[in-house]
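See structure below.
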Amino acid sequence: MEKLGVEVETKKPKAKETGLQELPGTHENIVLRFAPNPSGPLHIGHSRAAVPNAEYVKRHNGKLILRIEDTDPKRVYEPAYEMIPEDLEWLGVKADEIIYQSDRFEIYYDIARQLIEKGAAYMCTCDGATFKELKDNCKPCPCRDNSVEENLELWEKFDTMQAGEAVLRVKTDINHKNPAIRDWVAMRLEDAEHPRLGTKYRIYPMMNFSVSVDDHLMGLTHVLRGKDHLANTEKQKYLYDHMGWDVPEYIHYGRLKMEDIALSTSKAKEGIEDGTYSGWDDPRLGTLRAIARRGIQAKTIYDLIIEIGVKMADSAISWKKIYGQNRNFLEPIANRYFFCENPQKITVEGYTEGRVDIERPLHADHMDRGNRVLPFDGEVYLAQSDIKDGMFRLMDAVNVDINGEEITYHSTSFEDARAVKARIIQWVPLEDNVNVKIVMDDASIKTGIGEGALKNLEVGDIVQFERVGFARLDEIADDELIFYFAHK
RNA sequence: GCUCCGGUGGUGUAGUCCGGCCAAUCAUUUCGGCCUUUCGAGCCGAAGACUCGGGUUCGAAUCCCGGCCGGAGCACCA
């Protein structure tokens, strides 16, 4: 007992220091953002970005902006505009404001013009290959020497040019030791139709440009992003310098590798279109909606991401870890039921006690939830895989000997079963049951039968099928219940 | 190739900034035990790591140098 008291005491301070390192810079009025590209619904990788942002905002009472980065019409998947907020809500991430970059083109144009006027950006009419050749050798391209007037004139005509004919470049350092940093593109021409803008604009900002402008204008105090943006951060700082803006605090985190599912959004989309996957919530996908459908709790993902934190080292998260954590959440909430896969109807020969109602608690640790009642009269369904020679105890009912096809009554007392360490197996009554299908994590299906009490469940309920595992009720069909399997 | 960034048990982390309190934390995992009834759950217990080599120091997971391994970026994508 004493131990318990001590444990509670020492646990408190521990919970406080979880995961996230303290934010550098100011903690007052922080403004953070989550800025996905709307190419599909959110997957586990997105939570890597969304969760720490949300958590910092929560801890410091700051502001979180959801900024939809839809400046590449070719990569916009229209339903994603709806799906992203839904996914965030599930995750428990609450944005204070939602902004679409596609609403902000005039702002980008305005800043672009200012840059040109400052001589900090120039219209470049070189073709890509030529520019790269020069740039890689620390040579400025001829356009770099254009006068402000010439640039302004070209800028005005930009809209009338052919896609690919010119771009707007931000001046950096043509001798920068990393060629990637040298004079990057800020604006390009794009003829593809945009889902929200149609063909209203042809001049599109590049990510590095729109991101810098927005981060500044929206008052971001800290920018959290993957270390794949390290070079972009350096590029963007040149723009801040040109404009005389203060640079926010940048924090870069490592890559998150997800065991098994290396599935990119574009691959998933292909698979859905060709019928390989049933949809964005196919159990094989790593989307948040697929994970949710399987009964993985948002808190499991959220906590795991916080635990991983924002350090630069890469990390790999395993399903084992997710399942283990999730089980801790599910264990107390999931009521227990019997399910038999590939049910075999059997008769217990020699059983003469007649019909009895077997009562078994919905959850052994929560007796207040009551019992379920299973009528037993010597005839039951067993899972095919459980029918093996030997002595078994039908849970809470009787002990039987199985010998090939023959199943005979042995005894009723539990002690007899214990004495021989008989395996205790679940069963389903003949007269009160329901067809059950369980969709597994690899999309295969377990077909079987479950006890009648399952009929009281509602979609979304999570149960534990004893000796099978945890599953979430996904659909109540006319003649069967369809579950999605979470884990053991 | 060039530029940059990492490296604590199987996995994720704490500790690294400001060397000793670290024979290294917690979780997951694996294994074992327990259980008047899930030996696929639960409960209890155990196992398992500082990338390597030098250096500095009385003392290094922590500081320095080098190697090895891993990752990212090098677009008119985000």
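Because only heavy atoms are used, hydrogens play no part in the values below, and waters and symmetry mates are left out as well, while side chains stay in. Letters A, B, ... are given to chains in the order of the sequence lines, protein chains preceding strands, and every chain is numbered from 1.
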Protein heavy-atom contacts under 4.0 Å, written 5' to 3' over nucleotides 73-78 of chain B as B (base), S (sugar-phosphate only) or - (none), form the string SSSBBB
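- With respect to the salt-bridge test (charged N to carboxylate O, under 4.0 angstrom), the residues A:D386 and A:R467 qualify.
- Rounding to whole angstrom units, CD1 of residue A:I306 and P of B:A27 are separated by 19 Å.
- Across residues 322-334 of chain A, A:G324, A:Q325, A:R327, A:N328, A:E331 each have a non-hydrogen atom less than 4.0 Å from an atom of RNA chain B (numbered order).
- A:E451 and A:N433 share no donor-acceptor pair across their side chains, judged by distance under 3.5 Å alone.
- Looking at residues two or more places apart in sequence or on another chain, you find a salt bridge (charged side-chain N to carboxylate O under 4.0 Å, His left out) between A:E331 and A:R336.
- Close to B:U13, at under 4.0 Å from its OP1 or OP2, lies a side-chain N or O of A:K311.
- The aromatic ring centroids of A:F339 and A:F483 lie 6.0 Å or more from each other.
- Residue contacts shown for A:K321 include a base, since a base heavy atom lies under 4.0 Å away.
- Annotation: proximity of residues 383-397 of chain A to RNA chain B (heavy atom, distance under 4.0 Å) is found for A:R393, A:M395, A:D396, numbered in ascending order.
- In this structure, CD of A:E307 is placed 8 Å from C1' of B:U28, rounded to the nearest angstrom.
- In this structure, the CZ atom of A:R423 is 12 Å from the P atom of B:A41, given to the nearest Å.
- Counting non-hydrogen atoms under 4.0 angstrom, A:K320 reaches the backbone sugars and phosphates but no base.
- Here, B:G6 and B:C63 have their P atoms 12 Å apart, quoted to the whole Å.
- Applying the ring pair (Phe, Tyr, Trp, His ring centres under 6.0 Å) rule to A:W184 yields no partners; only residues at least two apart in sequence or on another chain are considered.
- Taking every heavy atom of residues 411-421 of chain A and every atom of RNA chain B, pairs under 4.0 Å involve A:F414, A:R418, A:K421, by number.
- Going from atom CD1 of A:I251 over to atom C1' of B:C5 covers 16 Å, rounded to whole Å.
- Straight-line distance between the C1' atoms of B:G32 and B:G73: roughly 49 Å, to the nearest whole Å.
- When the P atom of B:C69 is taken as reference, atom CG of A:D314 falls 17 Å away, rounded to whole Å.
- Residues forming a side-chain contact (heavy atoms from CB on, under 4.5 Å) with A:I424 (at least two apart in sequence, or on another chain): A:R393, A:M395, A:F414.
- Scored by the side-chain contact (heavy atoms from CB on, under 4.5 Å) test, A:D441 finds A:R294, A:Y323 as partners (sequence neighbours excluded).
- Side-chain atoms of A:A316 lie closest to B:U11 of the nucleotides B:G6, B:C4, B:U11.
- Rounded to whole Å, the distance from CD on A:Q426 to P on B:A41 is 13 Å.
- Look at A:R182 and you won't find any side-chain N or O under 4.0 angstrom from OP1 or OP2 of B:U3.
- Annotation: side chain to side chain donor-acceptor pair (under 3.5 Å) contacts of A:H229 (sequence neighbours excluded): A:N232.
- No hydrogens or angles considered: a donor-acceptor pair under 3.5 Å links the side chains of A:E55 and A:Y302.
- Here A:Y337 and A:F465 keep their ring centres 6.0 angstrom or further from each other.
- More than 12 non-hydrogen atoms from other residues, nucleotides or ligands lie less than 6.0 angstrom from CD of A:E22.
- Between B:U11, B:U37, B:A41, one nucleotide has an atom nearer to the side chain of A:S318 than all others, and that is B:U11.
- Considering A:K139, A:K235, A:R144 as possible partners of A:D183, the one that fulfils the salt bridge (charged side-chain N to carboxylate O under 4.0 Å, His left out) test is A:R144.
- A:E341 pairs by the side chain to side chain donor-acceptor pair (under 3.5 Å) definition with nothing, not counting sequence neighbours.
- Where RNA chain B pairs in unbroken runs of 3 or more (Watson-Crick or G-U, both distances under 3.5 Å), the stems are B:1-7 with B:68-74, B:10-12 with B:26-28, B:29-34 with B:42-47, B:51-55 with B:63-67.
- Rounded to whole Å, the distance from CG on A:L256 to C1' on B:A72 is 14 Å.
- Across the interface with RNA chain B, nearest-nucleotide mapping of A:D365 and A:H176 shows A:H176 to be the residue nearer the 5′ end.
- Rounded to an integer number of Å, the gap from A:H363 NE2 to B:U37 P is 14 Å.
- Within the cation-pi definition used here (under 6.0 Å to the ring centroid, within 45° of the axis), A:R188 does not qualify as a partner of A:F158.
- A centroid separation of less than 6.0 Å is found between the aromatic rings of A:Y109 and A:Y201.
- Here the two rings, on A:F470 and A:H487, have centers that are under 6.0 Å apart.
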Donor-acceptor pairs under 3.5 angstrom involving side-chain atoms of residues 128-136 of chain A: please list them, not counting sequence neighbours.
unit_1	atom_1	unit_2	atom_2	d
A:T130	OG1	A:D127	OD2	2.6
A:K132	NZ	A:D136	OD2	2.9

